[in-house]
Amino acid sequence: MEPVRVIEGQVSVLDRSDVDTDQIIPKQFLKRVERTGFGEFVFHDWSKEPGWDLPSNPILAAGRNFGCGSSREHAPWALEDYGFRAIVAPSFADIFFNNCTKIGLLPVVLSEADVKELMAAGHARIDLEEQEVSFAGRQVAFEIDPEIARRLLEGLDDIGVTLQQSDAIERYEAQRERSGPVTNTLA
Amino acid sequence: MPKNKNRERAAAAGPRSLFDKIWDAHEVAESLLYIDLHLVHEVTSPQAFESLRLAERPVRRPDRTLATADHNVPTDGSTAAAQIRDRLSRVQVETLEDNCREFGVPIHSIGSARQGIVHVIGPELGVTQPGMTIVCGDSHTSTHGAFGALAFGIGTSEVEHVLATQTLQQRKPRSMRIRYRGELGFGVTAKDLILGTIGRIGVAGGVGHVIEYAGPAIEGLSMEGRMTVCNMTIEAGGRAGMIAPDDTTFEWVEGREAAPDPLPLDEWRTLGTDEGAGFDTEVEIDASRLSPQVTWGTNPGMVTDVTSAVPEPRDEGEERALEYMGLAAGTPMREIALDRVFIGSCTNSRIGDLREAAEVVRGRRVASSVEAMVVPGSQQVKTQAEAEGLDEVFRAAGFDWRSAGCSMCLGMNPDIAAPGERVASTSNRNFEGRQGRGARSHLVSPKMAAAAAIEGHFVDIRGWE
């Protein structure tokens, strides 16, 4: 994963609440076995509505509970492939939030009022190290789990980090091996 | 020394919840959670296996991993991936089969007598057990919490992480307990209980929380009912749903293929939440006041009593939902006419669900304006239902009797509704386009779906003859 530090640029606005991942990337596009190429299908159905305007920009500003529903990581893949580097919203669904951090698409939580102002401002600069969003001449601080921030800032491979703890995993397995289930007896 | 450390922590921590106990027993290191069971399906795994291959990493514990094909499979009785007509779907199922072969992961693919929706076959085979941590690249993994397990959905990067390490990096979520006062009334089911709950706490009401369901209305539910409740936890935004294991749980698990023999009941009986354990959030709901529920909008929180009417929209989102649904505020729910009825999905496709629906349709006919289908959750459910003659009951009434899969819950296979068609569905999501582009979904219980199929519109099952 590429390190994430500063994201600056125009803001695309999707002022809707409870946007589910079925809207972000509808099911017919989940049949691919690759990780890339989902950007052209982002918001496939909504993008056909009159007045739809969501240009490819570094920053997406959206309503609360963004990314609810299905766990499909294809949703962050599509948003990232389309060009977004950060999403700013008053709140996110848990699985979607996790999925974004795993691929270096930065989810930023600001208050509802600040998100509205950001939407109006149209341009912003997000500094992950400083945990600060600058727009319309203001600096607004945001919270993020320090471990998630560290991994994003350093561009760490999560699996690589965990494998450094292989000894602890082995010890755990040796001491707390359960009697079942062993799935390969079923195959 | 995890074992001793956990014991010390347990002693120091005082009363603990079911969630605390499972969490403590699975923390390999701080915020590194050991996973007892990893369920895999064809849609969210191919990219994970591909990355493993590129990094030359093996699957750490194939014997704690189990795969099936469910999202893409046609329900027409096809018995091999090669028979899937849609090329992309076929490639995805074949890719899963190839990956499982290469990495040594057990799989029940299309054609297997054990194939079915991943959240139906886990419990059915007995691999889902109390006290376990269970993950799957699917948000409805919360289903397995019905057994007193900590079970939740993950994305593909995390699927890869679990395949490679058998662990997940996780901060401990907050905890919530929803306690139900009173018992469910006649004709009111687990589906109505959870839909009514989501209607009260909202589709983001559970975000950041693991939710434990408790109270007499929960204790009185069958395992099928408990799975329905935990399944839809994600529709309230909850990270996971859980129910303390009890005799109902143990009886259900006993004798299943992968279940331990004898069951470790001494251990399992200690899992339940201790008296006095704390929760970050507590919610109380009067279960006795719930009616059969029907959704009217485009998320599961947009729900009301069947005896009620389509509400006045309170914001732009609800206005949008009514427009999409083609509904006017004030329309009685019972006057909403239907084009299709779908009985199936990981929410409501188990043998208990099919029995309830069959009881309603027995000796009756599906309305001429309605196309109705039943999709059993697994091949084992299908076989069981056929042994009981339920397929005949459904067929005689005019239902289409299908093979196992996710089917019209999300329409990745050929089972989709046409634009504008109105569906009474026992599934879990009424999102725009979920069951087909432009299709309008109303979520209901199996009984309510069955009665709606007969009448051609919603009816209050409690007063229906």
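Residue numbering restarts at 1 for every chain, and letters A, B, ... go by the order of the sequence lines.
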Are [X] and [Y] packed together at the side-chain level, in the sense that at least one heavy-atom pair is separated by less than 4.5 angstrom?
{"X": "A/Y172", "Y": "B/H26", "result": "yes"}
{"X": "A/S91", "Y": "B/V207", "result": "no"}
{"X": "A/D20", "Y": "B/V203", "result": "no"}
{"X": "B/I154", "Y": "A/N98", "result": "no"}
{"X": "A/R35", "Y": "B/E50", "result": "no"}
{"X": "B/P106", "Y": "A/L186", "result": "no"}
{"X": "B/T156", "Y": "A/W77", "result": "yes"}
{"X": "B/V43", "Y": "A/H74", "result": "yes"}

Give a yes or no on whether B/E323 atom CD has more than 12 heavy-atom contacts from other residues, nucleotides or ligands under 6.0 Å away.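 Check fails, neighbour count at 12 or below.
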
Kindly check if the number of other-residue, nucleotide or ligand heavy atoms within 6.0 Å of CD (A/E34) is above 12?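 Buried by this count: over 12 neighbours within 6.0 Å.
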
Could you tell me whether the side chain of [X] and the main chain of [Y] form a donor-acceptor pair under 3.5 Å?
{"X": "A/K31", "Y": "B/M412", "value": "yes"}
{"X": "A/T183", "Y": "B/P62", "value": "yes"}
{"X": "A/K102", "Y": "B/S157", "value": "no"}
{"X": "A/Q165", "Y": "B/A29", "value": "no"}
{"X": "B/Q92", "Y": "A/L30", "value": "yes"}
{"X": "B/R437", "Y": "A/D45", "value": "no"}

Segment of [X] engaging chain B (4.5 angstrom heavy-atom cut-off):
{"X": "A/S17", "result": "neither"}
{"X": "A/E49", "result": "side chain"}
{"X": "A/F96", "result": "neither"}

With a 4.5 Å cut-off on heavy-atom pairs, point out which of [options] contacts chain A the most.
{"options": "B/E316, B/E257, B/R57", "result": "B/R57"}
{"options": "B/D315, B/T298, B/T65, B/I416", "result": "B/T65"}
{"options": "B/L410, B/T95, B/L66", "result": "B/L410"}
{"options": "B/N428, B/N299, B/V127", "result": "B/V127"}
{"options": "B/D138, B/L37, B/V105", "result": "B/D138"}
{"options": "B/G237, B/G317, B/G208", "result": "B/G208"}

Below 4.5 Å from any heavy atom of chain A, which atoms of [X] appear? Answer side chain, backbone, both or neither.
{"X": "B/Q435", "answer": "backbone"}
{"X": "B/R429", "answer": "side chain"}
{"X": "B/E160", "answer": "both"}

Considering all heavy atoms, the nearest B/I234-A/G69 contact: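 Closest pair (atom of B/I234, atom of A/G69, distance): CG1-O, 4.2 Å.
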
Over all atoms of both residues, closest heavy-atom pair of A/S71 and B/S139: OG-N, 3.4 Å

Using the salt bridge (charged side-chain N to carboxylate O under 4.0 Å, His left out) criterion, which residues pair with B/E124? Sequence neighbours excluded.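 None.
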
For chain B, the option from [options] that forms the most heavy-atom pairs under 4.5 Å:
{"options": "A/N99, A/L163, A/D158", "value": "A/D158"}
{"options": "A/Q23, A/E147, A/Q28", "value": "A/Q23"}
{"options": "A/I103, A/D18, A/D145", "value": "A/D145"}
{"options": "A/F97, A/W46, A/F92", "value": "A/W46"}

Salt bridge check: are B/R64 and A/E173 linked by an N-O gap of less than 4.0 Å? no

Working for side chain to side chain contact (heavy atoms under 4.5 Å, CB included), residues B/V159 and A/E73: CA-CA 10 Å; B/V159 168; A/E73 196 166 306; over 6 Å; no

